[in-house]
J.: 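What follows is a structure written as structure tokens; I'll ask about it next.
Heads up: numbering here begins at 1 and tracks the sequence.
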Amino acid sequence: MSVEAADREAVSGSRPCTPPQASWFEFLLDPSLLEQHLQGPHPDPSPVQLIVQFLEQASKPSVNEQNQVQPPADNRRNRTLKLMALKAAAHLTWDLNLLEKGLTIPVLNMLLNELLCASRVPPGVKHVDLDLSTLPPTTAMAVLIYNRWAIRTIVLSSFPEKQTKPGPHQLNMMSLVQQEKELTDNILSVLREQAADSIMVLERALNIKKDFYIHTLRTLDLLAADPSTANGETESSTAGLRISADHLHCQVHYDLGGIHFQQGCSDPSVYEKAREHFRMARELLTKLDSSASLCCVDEQRLAGYWSACKTLTEASDPSESQLTPYGQISCFMRNHDYGALIEAFIRDNVTLSLPNSFRHSIQLELLHKLQQGDRSLEEVCHKLCVCNAVRDALEGGILSVSFHQLLLKPSKNTISFLLEVCTRSLDKEHRSETSKRKMAIFIKTVCNRLEDVSLAFMVSSHKLFMELLHDEEKKILMEQMRKSSATVNLSAKPLPSFYDIPASASVNISQLEQQLILSLDPRHIRQILIELHGMAERPFWRVNSKWEVPVDYVNVILAIKDNLTRDLVYILMAKGLHCISIKDFAHARQLFTACLELVTEFSPKLRQVMLNELLLMEVRGHEAGAAEGNMERPPPDLVSRVRGYLEMRIHDLPLRQTVGEECVVFMLNWRENEYLTLQVPQSLVNSNPYIKLGQLIASTCKELPGPKESRRTAKELWEVVVQICSVSSQHKRSSDSRVSLLKQRESSLVNEVTAEHISIWPSSLANLQSVDVEAVVVTLKELVNYALSLNPNNQSWLCTQADIYFVTNQYSAAMHYYLQAGTVCSDYFTKPVPPDVYTDQVLKRMIKCCSLLNCHTQVAVLCQFLREVDYMTAFKALQEQNSHDSMDSFYDYIWDVTILEYLTYIHHKRGESDKRQVAIKAIGQTELNSSNPEEVLQLAAQKRKKKFLQALAKLYF
């Protein structure tokens, strides 16, 4: 055997062969390969990628002998490429959802124009002038697909989209990107001009009751083979893929509803049309086969459209109001039945069926009516604010500014209502320890915020206070109140809680098995198993399919020869693991201890397994207590046992990976940095990757903050994490330019996110192509979410969360977290936000968010917050007339006279006398007089900053 052959043999034997990615020209050389490729389980390239490649090649300009650029030639090669692009789309059954997701607007426009040509749509004739009922079925369908895409594209293009900021690696591509953007804008301009015609074409199609047909690979092949003879067959009703009238009408109603809903922003009366189309789409959807894939309606989005239309048109639907929570709330709002509305919010604190954002939007809507002068809504707004605060507390969220303002001067009735809501919001039957702890923290917060001692005592004497708070917490709070008042009502001891498991006599196997499933008493479980084995000889560890033990232990347990002992060990371990998963550590300890006593008699291996699981239970129990506020350090014995596990070396012992991981995490959480950095044996560091990673994390944390010389450890940690997030060269596959662009976009996304201590990391990455950037992004998102669940008031983490939402184009959510970062460090904007929190970069991102949300007046106000006022951006924003914020209601927050003068000019130019007067009134305030001392001007600016940020918080929280 030659050396080359041996190398090939070694490579092929060491890893599975990955088939090479097919290239576009292979299908051009042999068009019959295309259908075979598309029918594969996971074709690579995918149909959408092939469409891009085929059309890109077919549209390449040619160069003549004089070296002049010519339009793409109309030759056999290019016609074949276009046909194959159509066939790839036909394989997807012309699913616009898939095509829109994978293709840019110019590419999809080219594809659908080719479909019109191939389908014999008369050239030069407007679609609105065609009689679809007289056209061949595939021709009519091509017209409908094109016009459906046209109005869908108009709707999608109206959504805000982040403008990508190019990095140095992208500068060479800017001309291509700009060309594509200009081409997209031109296409959108044409589609918008023809929108009315497209709507009319689709509305006429709703009058056609016969079935429709779309092109398939077969009909496209017939057209290519001989257009003159194939035309008759493709025009017949039997050619192509049949689409029932109901399927098509459902899709058309959905698309027409979407365009009318989008037009409703400028003409609210159009919402009625949108509602009617969505109603028809819903009715047709119920008639269609749910397994059918030809009608690609987003049912969740349709439900959202339907709910929004009913609210905007104030349409009533009594039957649905009784079925859906949204319908009920809409009905209560229309009928001004605010008592029922409040009851629904209290019930929802238990069921959690309404999103928090929806609940807060209802509160804001009523608050707006109150601000307009409807004073009868004041108590309703207070009660809704309380209901939402309790919901926020139960979900571990930050309490709103409005709730904190309510607690400044609450009435006795308000506190009484608050306690009622707290009581009713804890589900008596299924209240978890976590929800009880969160409610206890909320009650403690209320006590601390109440300045009226009598109201604080009203809370402290309530049964929830007695039951939920720990003795030490109650003692501290009572001491605080004792200092504020001479009379103190000492609290009683909390009521004891009991966990009773009934045991009843058995009469048959099924009843015994039922008791076996329910029981958590090890003695009772053993007795039941003895009775069962006396009645039948079978494996009773299979009685409950939810009993699971780690796969690492299964073989060892099932190897136990005695059937009764095997069942008992398996069930005790499975029940103990389940108790740990629901944080019932008391019963888990009983079950594991009994199992340890049992296996000690006959198996040293299983004895060590149970000792390991008991250690993991103790670790998780202590961590669970810390998550609920108990920050006592772990006992020395537990720390010593964790060290012993990490250093343990027993051959042929089944070990769960998670035990080692959580032991290292435990040491990090309790800052056992000395052990991890100095005392852990070096051989252990070299052999155990979890300890190596833990040591690097501990060393890096230990050196923070430190001089530049101490960043060596941070660099080592960086290299290890990069290695973890890197894709092995064995699994890498050659990528086209689009995949490369995707990596560049994702890496740019990570680079735009700021975080604490970011300066200690290297500023560049040697081999970006090897890093799985998508995995980094997902990890970052999960990590920040988890961090905020532990400490929702960390301003740095809140800013990082805001950055993540900003770079992923979720601008409203980004504003929410930027404002939260400000609230936690300014006592809800009653103090100035520190400049290291609202840096110019953060403020510019807030400005960008408001701009993309079409809140242009907010943009102008925020431009004042910068160290140097950005007049150009402020003036440009104020020129916008399509603003989605309250415009002149924000003028009171402007302190920069130059901006106010520009406002008076712009309103005078537009003839908007009312708004001009508002601006003049704002500029005429004496405290803004430029001759005032600097400290007076600064005080005026700070006062307006505070009020503006509080107003924004009410909008975005």
J.: Shortest non-hydrogen contact from Leu183 to Pro106?
T.: CD2-CB, 3.6 Å
J.: Is a side-chain donor or acceptor of Asp827 paired with a backbone partner of Thr830 at a separation under 3.5 angstrom?
T.: no
J.: Run the salt-bridge test on Arg867 and Asp840 with the 4.0 Å N-O cut-off and return the result as yes or no.
T.: yes
J.: Measuring from Arg375:CZ to Cys381:SG, what's the distance to the nearest 0.5 Å?
T.: 9.5 Å
J.: Would you check if Cys863 and Tyr871 make a side-chain contact, meaning some heavy-atom pair closer than 4.5 Å?
T.: no
J.: Do Leu949 and Thr823 make a side-chain contact, defined as non-hydrogen atoms from C-beta onward lying under 4.5 Å apart?
T.: no
J.: Does some side-chain heavy atom of Cys725 sit less than 4.5 Å from a side-chain heavy atom of Val721?
T.: yes
J.: Go through His907 and Tyr891 one step at a time and tell me if the ring pair (Phe, Tyr, Trp, His ring centres under 6.0 Å) criterion holds.
T.: CA-CA 13 Å; His907 289 316; Tyr891 291 178; 5.7 Å; yes
J.: Return the CE to CG distance between Met815 and Leu852, rounded to the nearest 0.5 Å.
T.: 11.5 Å
J.: Given side chains that start at C-beta, do those of Arg152 and Val155 come closer than 4.5 Å, heavy atoms only?
T.: no
J.: Rounded to the nearest 0.5 Å, what separation is found between the SG atom of Cys387 and the CG atom of Asp392?
T.: 11.0 Å
J.: Might you point out which heavy atoms bring Ala787 and Trp797 nearest each other, and give the distance in Å?
T.: O-CZ3, 3.3 Å
J.: Assess whether side chain to side chain contact (heavy atoms under 4.5 Å, CB included) is satisfied between Met846 and Leu819, documenting all intermediate values.
T.: CA-CA 9 Å; Met846 293 171 72; Leu819 289 166; 4.1 Å; yes
J.: If every non-hydrogen atom of Val753 is compared with every non-hydrogen atom of Val807, which pair is closest and at what distance?
T.: CG2-CG2, 4.2 Å
J.: Would you give the length of the straight line joining atom OG1 of Thr808 to atom NZ of Lys781, rounded to the nearest 0.5 angstrom?
T.: 5.0 Å
J.: Mind running side chain to side chain contact (heavy atoms under 4.5 Å, CB included) on Leu366 and Met333 for me, showing each step along the way?
T.: CA-CA 9 Å; Leu366 292 178; Met333 291 289 285; 3.9 Å; yes
J.: Should Phe403 and Asn388 count as side-chain neighbours, where that means a heavy-atom distance under 4.5 Å?
T.: no
J.: Has Asn932 got a side-chain atom pairing as donor or acceptor with Thr926's backbone, closer than 3.5 angstrom?
T.: yes
J.: Do the side chains of Asp348 and Arg359 get close enough for a salt bridge, i.e. N-O under 4.0 angstrom?
T.: yes
J.: Does Glu451, at its CD atom, have more than 12 non-hydrogen atoms belonging to other residues, nucleotides or ligands within less than 6.0 Å?
T.: no
J.: Just wondering, are more than 12 heavy atoms of other shown residues or ligands nearer than 6.0 Å to CZ in Phe358?
T.: yes
J.: Looking at Glu182, is its backbone amide N or carbonyl O close enough to the side chain of Asn186 to form a donor-acceptor pair, meaning the two atoms are under 3.5 Å apart?
T.: yes
J.: Rounded to the nearest 0.5 Å, how far apart are CG of Leu367 and CG of Leu370?
T.: 6.0 Å
J.: So Lys876 and Met872, do their side chains get closer than 4.5 Å, heavy atoms only?
T.: no
J.: Could you tell me whether Glu378 and Lys369 make a salt bridge, using a distance below 4.0 angstrom between a side-chain N and a carboxylate O?
T.: no
J.: Would you say Glu934 and Gln938 are linked by a side-chain donor-acceptor pair, where the criterion is simply a distance under 3.5 Å?
T.: yes
J.: Which residues pass the salt bridge (charged side-chain N to carboxylate O under 4.0 Å, His left out) test with Arg916, not counting sequence neighbours?
T.: none
J.: Would you check if His757 and Ser796 make a side-chain contact, meaning some heavy-atom pair closer than 4.5 Å?
T.: no
J.: Shortest non-hydrogen contact from Pro792 to Ile398?
T.: O-CD1, 3.2 Å
J.: Can you tell me how the ring of Tyr893 sits relative to the ring of Phe948, calling it parallel under 30°, perpendicular over 60° and tilted otherwise?
T.: tilted
J.: Looking only at non-hydrogen atoms, find the nearest pair between Ala922 and Asp892 and report the distance.
T.: CB-OD1, 4.5 Å
J.: If only atom types and distance count, is the side chain of Thr445 paired as donor or acceptor with the main-chain N or O of Ile441 below 3.5 Å?
T.: yes
J.: Is any side-chain heavy atom of Asn356 less than 4.5 Å from a side-chain heavy atom of Arg391?
T.: yes
J.: How far apart are the closest heavy atoms of Tyr817 and Ala802, and which atoms are they?
T.: CB-CB, 3.6 Å
J.: Charged N to carboxylate O under 4.0 angstrom, Glu927 versus Lys943?
T.: yes
J.: Only one of Leu900, Ile899, Val918, Leu903 forms a side-chain contact (heavy atoms from CB on, under 4.5 Å) with Ile923, so which one is it?
T.: Leu900
J.: With distance as the sole test, does Thr414 use its side chain to make a donor-acceptor pair with the main-chain N or O of Pro410 at under 3.5 Å?
T.: no
J.: Are Glu716 and Val720 close enough, and set up right, to give a side chain to side chain contact (heavy atoms under 4.5 Å, CB included), and what steps lead you there?
T.: CA-CA 6 Å; Glu716 287 183 36; Val720 169; 5.7 Å; no
J.: Would the distance check show the side chain of Thr904 and the main-chain N or O of Glu901 forming a donor-acceptor pair, the cut-off being under 3.5 Å?
T.: yes
J.: Quick check: His816 with Phe957 (ring centres under 6.0 Å apart)?
T.: yes
J.: Where do Val833 and Cys825 land on the side chain to side chain contact (heavy atoms under 4.5 Å, CB included) test, with the steps shown first?
T.: CA-CA 6 Å; Val833 179; Cys825 62; 3.9 Å; yes
J.: Taking CZ in Arg910 as the centre, count heavy atoms belonging to other residues, nucleotides or ligands within less than 6.0 Å. Is the count above 12?
T.: yes
J.: Please check if the distance between the ring centroids of Phe890 and His856 is under 6.0 Å.
T.: no
J.: Tell me if the aromatic rings of Tyr811 and Tyr818 count as close, with their centers under 6.0 Å from one another.
T.: no
J.: When rounded to the nearest 0.5 angstrom, what is the spacing between CD in Gln795 and OH in Tyr838?
T.: 10.5 Å
J.: Please check this pair: side chain of Thr700 against backbone of Leu696, looking for a donor-acceptor N/O pair closer than 3.5 Å.
T.: yes
J.: Under 3.5 Å, side chain of Gln864 to main-chain N/O of Val861, donor-acceptor pair present?
T.: yes
J.: Looking only at the side chains, is there a donor atom on one of Gln801 and Asn785 sitting less than 3.5 Å from an acceptor on the other?
T.: yes
